[in-house]
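Inspection log for the structure reproduced underneath, given as structure tokens.
Proteins get letters first, then strands, A, B, ... in listed order; numbering begins at 1 in each.
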There are 2 protein chains.
Amino acid sequence: MSTIGFAPHDHASCVADTMQRAESHCADQGLRLTPVRRRALEILLAEHRAQGAYDLLAVLAAEGMGAQPPVAYRALDFLVKAGFAHKIEALNAYIACAHLGECQMPAFLICRACRSVAEADTAPTRNRLNDAARAAGFAIERTVVEAEGLCPSCQDAAA
Amino acid sequence: MSTIGFAPHDHASCVADTMQRAESHCADQGLRLTPVRRRALEILLAEHRAQGAYDLLAVLAAEGMGAQPPVAYRALDFLVKAGFAHKIEALNAYIACAHLGECQMPAFLICRACRSVAEADTAPTRNRLNDAARAAGFAIERTVVEAEGLCPSCQDAAA
DNA sequence: ATATCGAATGTTATAACATATCAATACGCC
DNA sequence: GGCGTATTGATATGTTATAACATTCGATAT
Ligand SMILES: [Zn+2]
Ligand SMILES: [Zn+2]
Ligand SMILES: [Zn+2]
Ligand SMILES: [Zn+2]
């Protein structure tokens, strides 16, 4: 369990490492990390918070990289499919993956106040859900595990 | 773990029981199950499927119970807060609770083809998430556990 | 009975999130 | 160069959700 997102850390190298790994992953897999996609990933990575598609779009537009919703959604679609980003269903928003591509079944701790997000890998949950699914004859393709609440700093702020 | 929603069952009494329990729960808690709210619950209960707010609204409107979005969203808000319904975040849709108010931490199996939903209570998952949250100093207020895939009949249909 | 207050509803408008469609361009390959 | 595919540009539309304010309803207190 990493709590990156709530804890202070060397964020500059956090970003640099991830971009590096994204580059080489794309090279390996024959994926094209085009300028818009690359910039979209940088924008998501800039903060360990969920950002809406239109937030992303606003930044891209300000930089002259396309001003229509499809630009943002296409980039997000690519990043999600490549495993570089996740959609936070409870917020209809997006966040860069904290483990670049190594996620099996991500779980998120989501602050409702500041939208910061910590990502974990919760294999045990999958087992439990798998039991339930098997009993029901249900074929799981994707799982969503999200916990909403308050992060440490927002708890302090509320006190 | 109940797999109501996928398995055949006496749905008429499933509905009647739930409405009964909703009535008495409201009486106990001083909540008002007004005509619109009652009808909204009946509509959700009619199927063990997720229904969009605008689907619900269409039915209410056809019956002369209000034709504007806030009508549906207010009713849904009441039902969710009372524990009579859940929002399925992965679909932006709503479903009646299968355990009327007895849910601690619901988990859902969601068919992407027919939107039928089975509800389970997964206390063990909570423990795992709680461990993660405690380690991060995060205060969980609500959890979302959803598995998307294919229900038994839609698997058969696809075969 | 009637004034008052809070809850619920009616109504209009708009915000926020997401996709369909088709044309134009860039890229990799032969 | 010529071809097929992936990507981008652009317009329009579809879908989900809330803000804001007026009105009505229901219980309570005088
Ligand atoms: Zn970081
Ligand atoms: Zn926070
Ligand atoms: Zn039933
Ligand atoms: Zn199905």
Side-chain angles (χ1 to χ4, degrees), chain A residues 26-41 43-44 49-82 84-95 110 112 115 144 146 148, chain B residues 22 26-27 29-41 43-44 49-82 84-95 110 112 115 144 146 148:
Chain A
C26 285
D28 290 354
Q29 306 288 309
L31 300 173
R32 293 170 56 190
L33 193 60
T34 63
V36 176
R37 293 168 175 176
R38 178 177 232 288
R39 186 69 190 117
L41 180 54
I43 292 164
L44 289 186
R49 299 169 178 242
Q51 297 182 60
Y54 282 71
D55 296 336
L56 175 65
L57 179 59
V59 179
L60 291 174
E63 299 175 357
M65 301 186 89
Q68 299 76 29
V71 171
Y73 283 100
R74 284 167 181 159
L76 288 168
D77 189 56
F78 171 84
L79 295 176
V80 168
K81 280 187 175 139
F84 299 168
H86 302 289
K87 180 174 185 182
I88 303 297
E89 297 288 351
L91 299 177
N92 292 319
Y94 303 82
I95 189 160
I110 304 159
R112 67 170 158 79
R115 289 167 64 116
V144 175
E146 300 175 358
E148 278 184 292
Chain B
C26 285
Q29 307 288 309
L31 300 174
R32 295 172 54 191
L33 193 60
T34 62
V36 176
R37 292 167 176 180
R38 179 176 231 286
R39 187 68 191 118
L41 180 53
I43 292 165
L44 289 186
R49 295 171 180 242
Q51 297 180 62
Y54 282 73
D55 297 335
L56 176 64
L57 179 60
V59 179
L60 291 175
E63 298 175 357
M65 303 186 86
Q68 299 75 31
V71 172
Y73 282 100
R74 284 165 182 162
L76 287 167
D77 189 56
F78 170 84
L79 295 176
V80 168
K81 279 185 177 142
F84 299 167
H86 303 289
K87 180 172 185 184
I88 303 297
E89 297 288 352
L91 299 177
N92 291 318
Y94 303 82
I95 190 159
I110 304 158
R112 67 172 158 78
R115 289 169 63 117
V144 175
E146 300 175 357
E148 277 184 292

Value in whole Å for how far the C1' atom of dA16(C) lies from CZ of Arg115(A)
11 Å
Under 4.0 angstrom between Arg74(B) side-chain N/O and dG10(C) OP1 or OP2:
no
Pro70(A) side chain, from C-beta outward: closest of dT9(C), dA20(C), dT8(D)
dA20(C)
Kindly confirm whether the side-chain ring of Tyr54(A) is stacked on the base of dC17(C), judged by centres under 5.5 Å and planes under 30°.
yes
Integer-rounded Å distance: dG9(D) C1' and Leu60(A) CG
14 Å
Answer yes or no: is there a side-chain heavy-atom contact under 4.5 Å between Leu91(A) and Arg112(A)?
no
Is a side-chain donor or acceptor of Gln29(B) paired with a backbone partner of Ala82(B) at a separation under 3.5 angstrom?
no
Grab the CG-C1' distance between Leu57(A) and dT19(C) for me, whole Å please.
14 Å
Does the side chain of Val144(A) reach to within under 4.5 Å of the side chain of Glu89(B), using non-hydrogen atoms?
no
Examine dA17(D): is either OP1 or OP2 under 4.0 Å from a nitrogen or oxygen in the side chain of Lys87(B)? Give yes or no.
yes
Phosphate OP1/OP2 of dA17(D): any Asn92(B) side-chain N/O under 4.0 Å
yes
Glu89(B) CD to dT16(D) C1': how many Å, rounded?
12 Å
Are the side chains of Leu57(B) and Tyr73(B) in touch, meaning some heavy atoms are under 4.5 Å apart?
no
Residue whose closest nucleotide on DNA chain C lies nearer the 5' end, Phe78(B) versus Ala93(A)
Phe78(B)
Take atom CG of Leu76(A) and atom C1' of dT7(D), then tell me their distance rounded to the nearest Å.
16 Å
Whichever of Pro69(B) and Pro69(A) has the more 5' nearest nucleotide on DNA chain D, that residue is Pro69(A)
Distance check needed: dA8(C) P versus Lys81(B) NZ, whole Å only.
11 Å
Here the distance between atom P of dA18(C) and atom CG of Leu91(B), to the nearest Å, is 13 Å
Judged by each residue's nearest nucleotide on DNA chain D, which is more toward the 5′ side, Gln68(A) or Arg32(B)?
Gln68(A)
When rounded to whole Å, the CE to C1' distance for the pair Met65(B) and dT9(C) reads 11 Å
With a cut-off of less than 4.0 Å, is there a side-chain N or O of Tyr73(B) near OP1 or OP2 of dT18(D)?
no
Using modelled atom types and a 3.5 Å cut-off, is there a donor and acceptor pairing between side-chain atoms of Arg37(B) and backbone atoms of Arg32(B)?
yes
What's the closest nucleotide to the side chain of Val71(B) if the choices are dA19(D), dT8(D), dG10(C)?
dG10(C)
